[in-house]
Amino acid sequence: MADYFKPRGTADILPDAALQWQYVEEMVQKVFATYHYREIRTPIFEHTEVFERGVGDTTDIVQKEMYTFLDRGDRSITLRPEGTAGVVRAFVEQKLYGGPLPAKLYYFGPMFRYETPQAGRTRQFHQYGVEVIGSDDPRVDAEVIELADHFLRAVGVTSTTLELNSVGCPVCRVAHKDALVAHLLPIKDELCEDCQSRIVRNPLRILDCKIDAHHPVVESSPMITDHLCDDCAAHFAAVRNYLDLLEVPYVVNKKLVRGLDYYTKTAFEFVEGSIGAQSTILAGGRYNGLVKSLGGPDVPGIGFAGGIERLLLALAANGVSHEVPDEVEVYVMALSNEAHAMSVNILRDLRVVGVVADADYTGRGLKAQMKTADRLNAKVAVLIGEDEVKSGQLAVRDLSTREQILVAQGDTVAKILNILQS
RNA sequence: GUGGGCGUGGCGAAGUGGCUAACGCACCGGAUUGUGGCUCCGGCAUUCGUGGGUUCGAUCCCCAUCGCUCACCCCA
């Protein structure tokens, strides 16, 4: 029994799984680069105020999920719970608004939220995401969504549904919220406990509450899409039009709400139905007031974030695997101390020319080493025993043909390359 | 924070109130002195998450605790 354990909600990503992560990371870089997004790396922790201001201090994230602590200088520090606030903070602090706009950025990395773990949810999790700051053009909304769609398909997730909505701007959203609350208040006592508190905190959530969504009064609630101002309505129509042009399939979900305070206008989610209750694998939206509220110029923005862990679950659910077997090209077997001296040179020389080579370091017998070479699917074995040490000739064995020849030490690498290429 | 399920060797997985806790995989060793995927033989848990309790006796019963897991909430 181990004496030490990883913290609750964290994961050790072992070598086999790490290969899947590398694949996803490479695809992020490759696909996002073709859309001319450039990577930005911001700190994993920020001053707490960045998230309080950026994410919104009424959200669950800020109220009860942040990893916040005082550092040795009595500064309140928070491990980032999401990526956008930090990127926008950097955009403002580094004055990226002085460069070409919109800034098209992407990021990738760990996030932290103090939550009870479950399928698709951990305390340290990883997201990739993009932020486009400096344009309100609906073509940007469409590009961001199409990028997400393209990326998911490129990595092998084809079973998602794209849900789309507009949550309006501060003007029409407030008007709608007032109308909604006025509509629901008379039946407040009939709602579940959660919804009674949501009615003041986040009334939009009541619309898709699992308990109350089918209440007739709830069902007849005013929808945000019916309360959009002219600008928001035109923008939403334009986004849908571009998505149609791009042939990106979506469904309008009038109940779609975004959790974070900063969202405006476009909101969207890619949902995968077979990975458990946490089925959103990528989500995002527009945040036109965020840059200003973090002290920058009043420029609009839009972005999305996707969860790597959930993406991996979705890949598994889609039966997609990018496993790479644990293999080696050459296995060097040395059977004595003198042989070891020769083997380290052979290994180095092979690796210098790019050949994947390994050896036994536990003093096992030749037979056992042969088994290992076999299991690692080695193409060539190099044997160095007493005879070889004496003669200075190494036995090079082609493991597929079982042909074995003696080669002068200086010619070994060339001979092996010969076999590997045949 | 709340609720359900579970906790036996590296992994998967039987098991019963009581003599040495199945089996499979993996791993290690051996089957003509230094040679491979098959086969055969052998090895590998004084111990059943931890701590108490009940009992003549508990891995199997009770309590507590820790951990894992799924779900609610919320979110990527």
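Below, chain A is the first sequence line, B the second, and so on; all start at residue 1.
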Exercise for the section: Taking atom P in both A71(B) and U54(B), compute the distance separating them and give it to the nearest angstrom. Expected result: 40 Å

Completion exercise
Between Lys6(A) and Gly284(A), whichever has its closest RNA chain B nucleotide further toward 5' is Lys6(A)

Fill in the blank from the handout: Whichever of Glu82(A) and Lys64(A) has the more 5' nearest nucleotide on RNA chain B, that residue is Lys64(A)

Practice task
Name the closest nucleotide to the Arg8(A) side chain, picking from A76(B), C72(B), U69(B).
Solution key: U69(B)

Problem - C1' gap between C23(B) and G15(B), integer Å - result: 11 Å

Practice task
Only stems of 3 or more consecutive Watson-Crick or G-U pairs count here, both distances under 3.5 Å; name the ones for RNA chain B, or none.
Solution key: B:1-7 with B:66-72, B:10-12 with B:23-25, B:27-31 with B:39-43, B:49-53 with B:61-65

Exercise for the section: Find the distance Phe5(A):CZ to G67(B):C1' and express it as a whole number of Å. Expected result: 7 Å

Exercise for the section: Check the side chains of Ser166(A) and Thr266(A) for a donor-acceptor pair under 3.5 angstrom, ignoring hydrogens and angles. Expected result: no

Problem - Between U16(B) and A26(B) - P atom distance, rounded Å - result: 28 Å

Practice task
Give a yes-or-no answer on whether the side chains of Tyr250(A) and Asn165(A) include a donor-acceptor pair shorter than 3.5 Å.
Solution key: no

Practice task
Please state the P separation for the pair A31(B) and G10(B) - nearest whole angstrom.
Solution key: 29 Å

Problem - CE on Met66(A) to CZ on Phe51(A), rounded to 0.5 Å - result: 7.5 Å

Completion exercise
When rounded to whole Å, the CD to P distance for the pair Gln369(A) and G30(B) reads 12 Å

Problem - Whole angstrom value for the distance that separates P of C27(B) from CG of Leu376(A) - result: 11 Å

Problem - Distance between C1' atoms of C27(B) and A64(B) (Å, rounded) - result: 38 Å

Fill in the blank from the handout: Value for OG1 (Thr264(A)) from CG (Leu290(A)), rounded to nearest 0.5 Å, stands at 9.5 Å

Practice task
Using the P atom as the reference point in each nucleotide, state the distance between G17(B) and C62(B) in Å, no decimals.
Solution key: 13 Å

Practice task
Please examine the side chains of Asp360(A) and Tyr331(A), heavy atoms only from C-beta on, and report whether any two atoms are closer than 4.5 Å.
Solution key: yes

Completion exercise
Rounded to whole Å, CD1 of Ile275(A) lies from P of C70(B) at a distance of 12 Å

Exercise for the section: Please step through side-chain hydrogen bond (donor to acceptor under 3.5 Å, both in side chains) for the pair Glu272(A) and Ser159(A), ending with a clear verdict. Expected result: CA-CA 6 Å; Glu272(A) 217 289 338; Ser159(A) 54; 2.4 Å; yes

Handout entry: Between Glu131(A) and Tyr106(A): side-chain donor-acceptor atoms closer than 3.5 Å
Key = no

Problem - Donor-acceptor side-chain pairing of Ser400(A) and Asp398(A) below 3.5 angstrom - result: yes

Fill in the blank from the handout: Looking only at C70(B), A76(B), C73(B), the nucleotide nearest the Ala119(A) side chain is C70(B)

Handout entry: Atom-to-atom span, CD of Gln63(A) to P of C73(B) - whole angstrom
Key = 17 Å

Practice task
Give Gly83(A) one of three labels, base, sugar-phosphate or nothing, depending on what nucleic acid heavy atoms sit under 4.0 Å from its own.
Solution key: nothing

Practice task
Would you indicate whether the side-chain heavy atoms of Glu143(A) and Tyr37(A) approach each other to under 4.5 Å?
Solution key: yes

Problem - Check: A76(B) base within 3.5 Å donor-acceptor of Arg121(A) side chain - result: no

Handout entry: Main-chain N/O of Pro110(A) paired with Arg80(A) side-chain donor or acceptor, under 3.5 Å
Key = yes

Practice task
Tell me which nucleotide among U2(B), G29(B), C73(B) gets nearest to the side chain of Thr116(A).
Solution key: U2(B)

Handout entry: Separation of atom OH in Tyr4(A) from atom C1' in C66(B), rounded to whole Å
Key = 16 Å

Handout entry: Residue pairs passing the ring-ring contact (aromatic ring centres under 6.0 Å, His included) test where at least one lies in residues 154-197 of chain A, sequence neighbours excluded
Key = His176(A)-His227(A)

Handout entry: Arg364(A) (side chain) and C27(B) (base): donor-acceptor pair under 3.5 Å
Key = no

Problem - Integer-rounded Å distance: G1(B) P and Ile61(A) CD1 - result: 18 Å

Practice task
Would you indicate what Glu269(A) reaches in the nucleic acid, counting non-hydrogen atoms under 4.0 angstrom: base, sugar-phosphate, or nothing?
Solution key: nothing

Exercise for the section: Return the stacking result for A76(B) and Phe125(A): yes when the ring centres lie under 5.5 Å apart and the planes under 30°, no otherwise. Expected result: yes

Exercise for the section: May I ask you to evaluate whether Gln118(A) reaches the phosphate of A71(B), defined as a side-chain N or O under 4.0 Å from OP1 or OP2? Expected result: yes

Fill in the blank from the handout: Which of Phe32(A), Tyr35(A), Phe304(A) passes ring-ring contact (aromatic ring centres under 6.0 Å, His included) with Phe151(A)? Answer is Phe32(A)

Exercise for the section: Check every strand shown and say whether Ala373(A) touches a base, only sugar-phosphate, or nothing at a heavy-atom separation below 4.0 Å. Expected result: nothing

Practice task
Could you give the distance separating G67(B) and G29(B) at their C1' atoms, to the nearest angstrom?
Solution key: 36 Å

Exercise for the section: Spell out protein contact along nucleotides 33-38 of chain B as letters: B when the base is contacted, S when just the sugar-phosphate is, - when no protein heavy atom is under 4.0 Å; keep the 5' to 3' order. Expected result: -BBBB-

Exercise for the section: Indicate, with a heavy-atom threshold strictly under 4.0 Å, whether Arg375(A) touches base, sugar-phosphate, or nothing. Expected result: sugar-phosphate

Handout entry: Length of the line joining Arg123(A):CZ and U69(B):P, which is rounded to integer Å
Key = 11 Å

Exercise for the section: Take atom P in U47(B) and the same atom in C6(B), then report the distance between them in whole Å. Expected result: 26 Å

